[in-house]
2 protein chains.
Amino acid sequence: MASILTGQAVKAFNINCGECPIRHRAVCSRSDTDELALLESMKSYKTYEQGQTIVWAGDQMAFVGSVVKGVATLSQTMEDGRRQMVGLLLPSDFVGRPGRNLAPFDVVAATEVTLCRFQRAPFEKLLTSSPNIGPRLLQMTLDELDAAREWMLLLGRKTAREKIASLLAIIASREANIGLRSAAGKVRFDLPLSREAMADYLGLTLETVSRQMSTLKREGVIVLESKRVISVPNFANLLNETGDDTDGGMLT
Amino acid sequence: MASILTGQAVKAFNINCGECPIRHRAVCSRSDTDELALLESMKSYKTYEQGQTIVWAGDQMAFVGSVVKGVATLSQTMEDGRRQMVGLLLPSDFVGRPGRNLAPFDVVAATEVTLCRFQRAPFEKLLTSSPNIGPRLLQMTLDELDAAREWMLLLGRKTAREKIASLLAIIASREANIGLRSAAGKVRFDLPLSREAMADYLGLTLETVSRQMSTLKREGVIVLESKRVISVPNFANLLNETGDDTDGGMLT
DNA sequence: AGCCATAATTGATCTCGATCAAAGTTCAGC
DNA sequence: GCTGAACTTTGATCGAGATCAATTATGGCT
């Protein structure tokens with residue numbers, strides 16, 4: 001299932017990653033014990049503090065891996081400072097591109113972020129020798145592509161209100177691990193982005209984001225328990241504001 | 001090289017495709033004679049007339065293949081009719097998604113389009129047996145992803161004028177087979193899209209597209225030889241209007 | 001050529017979101 | 001608990017692009 005949220009919607013590895021608080025999703029099948037061992041020996045962890053740039057666009061990227069903890073963003077910036085986020089990386093999302101030396105976009109830690117990393121070179125060697133990893137990566141990338149294209153609809157055609165509602169619905173469903181169409185009643189979740197980061201993602205200004213949040217709050221669609229903690233009394237009401245097909249949600 | 005133009009920037013197959021006016025790009029290496037023969041036996045051609053929908057979003061898609069002639073678009077539509085194009089398929093671009101049964105977006109013939117098609121099922125079997133096709137498809141998909149993300153910047157942050165200039169620059173460079181940074185002098189090319197299709201791609205209305213075209217024409221940046229044939233007296237001037245880094249173009 | 005349907009241009013006006021500006025919050029650090 | 005910096009909200013105004021509405025090409029057809 002592809003999420004509109006991020007190019008990295010699909011989880012990365014299913015190595016039983018010792019110290020990781022999460023289990024990476026299946027790239028290797030459980031029977032690929034050699035691959036598992038090799039991957040296990042390659043991995044290393046690194047934590048980045050909030051606001052820190054993990055990789056600059058155009059720089060070498062020596063590793064691939066996945067987010068263990070925290071939230072990172074993928075974004076690009078124009079010369080005059082206009083910025084557009086092109087992906088949001090939540091825990092278990094994949095980072096990096098096999099076969100690609102240079103990072104095409106900035107990767108920035110939106111909160112404190114811990115990555116589980118694998119050296120790119122040996123990982124790519126493994127890619128050619130294991131019959132399972134390649135197809136899995138292709139499927140992941142196709143999911144990211146779908147997500148990016150869903151976001152193109154949001155950026156090109158949705159109103160500010162619809163954009164905000166869409167973002168909140170997606171974050172809510174991902175954090176709560178519910179499907180977007182399961183229009184359950186009350187949902188409560190943490191918003192891991194500043195108003196400015198939301199604006200960068202939605203193609204808006206931070207003032208417009210703030211105003212729309214206030215409006216949705218005034219109308220009772222959302223409740224701001226604190227600036228970064230939101231609860232949604234009735235998830236169906238939020239979905240109604242996204243502009244997406246009501247009986248289905250925005251996913252294919 | 002990824003193009004901002006389309007998710008399908010990278011060419012598809014390098015089969016010496018008998019009747020095809022183009023040569024499909026390398027998926028199989030030349031030595032994979034068995035695979036080549038198999039692919040050759042699977043292929044079939046189909047022509048769609050202008051305006052015809054090749055596949056509807058949500059429908060089964062029994063084939064993969066590539067565009068031989070003409071221009072097709074990938075797009076999605078909201079219930080109320082708002083439409084956003086998410087990819088533009090030019091000759092030699094790949095169509096369809098291995099491993100995916102359902103089409104996520106509408107595929108429409110913008111001009112008369114001829115596809116060279118392969119049944120999806122046998123193609124996927126080939127995918128597992130050949131060591132070359134998989135990695136090639138992964139690289140293609142990564143290029144499409146880069147292109148989609150470049151387009152997100154355009155949709156979210158560029159002005160109408162910059163959007164038009166970007167689109168023209170990309171089509172010009174693709175049709176003329178020149179790099180975006182080769183700021184050569186005069187370029188002349190065919191515009192295979194209606195004003196409405198351009199608007200759908202750029203997240204604008206057709207009136208705004210028309211107005212910006214007129215403005216660029218009035219200022220001498222472009223010359224409208226006919227409504228669908230454009231010449232650019234000085235390509236560098238057009239690039240200057242795209243909002244992208246002047247000494248490099250919009251590609252990584 | 002002339003006709004007609006479709007595509008494109010141009011004009012007038014409106015509106016949503018941007019911009020400029022000023023308070024109000026929150027929280028880390030002393 | 002205070003203080004100050006960063007973040008957020010709110011207000012006033014502006015403007016780019018949308019919308020509504022005519023015209024004006026254009027190209028396919030008889």
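Per chain, numbering begins at 1; letters A, B, ... match sequence-line order.
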When rounded to the nearest 0.5 angstrom, what distance separates [atom1] in [X] from [atom2] in [Y]?
X	Y	atom1	atom2	answer
B:Glu150	B:Ile170	CD	CD1	8.5 Å
A:Leu167	A:Trp151	CG	CH2	5.0 Å
B:Ile222	B:Gln212	CD1	CD	10.5 Å
B:Thr208	B:Met213	OG1	CE	13.0 Å
A:Met152	B:Gln76	CE	CD	8.5 Å

Tell me: [atom1] of [X] to [atom2] of [N], nearest whole Å?
X	N	atom1	atom2	result
B:Arg83	D:dA18	CZ	C1'	17 Å
A:Arg195	D:dT10	CZ	C1'	13 Å
B:Arg211	D:dT23	CZ	C1'	13 Å
B:Leu204	D:dT19	CG	P	11 Å
A:Ile230	D:dT8	CD1	P	11 Å
A:Glu196	D:dA6	CD	C1'	11 Å
B:Glu225	D:dA25	CD	C1'	17 Å
A:Arg218	D:dT10	CZ	C1'	10 Å

Residue closer to the 5' end of DNA chain D, A:Arg157 versus A:Val209 (nearest nucleotide):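 Its nucleotide being nearer the 5' end, the pick is A:Val209.
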Between B:Gln212 and A:Thr208, who's closer to the 5' end of DNA chain D by nearest nucleotide?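 First, find each residue's nearest nucleotide; the 5'-ward one identifies A:Thr208.
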Please assess A:Arg97 against B:Asp146 for the test salt bridge (Lys or Arg N to Asp or Glu O under 4.0 Å), listing each intermediate value before the final yes or no. CA-CA 11 Å; A:Arg97 303 150 19 108; B:Asp146 282 351; 2.5 Å; yes
Please evaluate the base of D:dT19 for a donor-acceptor partner in the side chain of B:Arg82 within a cut-off of under 3.5 Å?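 Not at all, since no donor on one side and acceptor on the other fall under 3.5 Å apart.
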For residues A:Lys69 and A:Pro91, determine if any side-chain heavy atom of one lies less than 4.5 Å from a side-chain heavy atom of the other.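 No, their side chains stay 4.5 Å or more apart.
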By nearest atom, which of the nucleotides D:dT9, D:dT19, D:dA12 is closest to the A:Ser210 side chain?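 The answer is D:dT9.
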Which nucleotide in the list D:dT26, D:dT19, D:dC7 gets nearest to the side chain of A:Arg228?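 Selected nucleotide: D:dC7.
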Within the 4.0 Å heavy-atom criterion, would you say [X] contacts the bases, only the backbone, or no part of the nucleic acid?
X	value
A:Arg161	nothing
A:Leu206	base
B:Thr205	base
A:Thr159	sugar-phosphate

Residue whose closest nucleotide on DNA chain C lies nearer the 5' end, A:Gly203 versus B:Lys217: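 With A:Gly203 and B:Lys217 compared, the 5'-side residue is B:Lys217.
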Verify the neighbour count for atom CZ of B:Arg228: are there more than 12 heavy atoms of other residues, nucleotides or ligands below 6.0 Å?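 Atom CZ in B:Arg228 is packed in, count exceeds 12.
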Could you tell me the boundaries of the chain A footprint on DNA chain C, defined by atoms under 4.0 Å from its heavy atoms?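 Contact span on the strand: C:dG17 to C:dT26.
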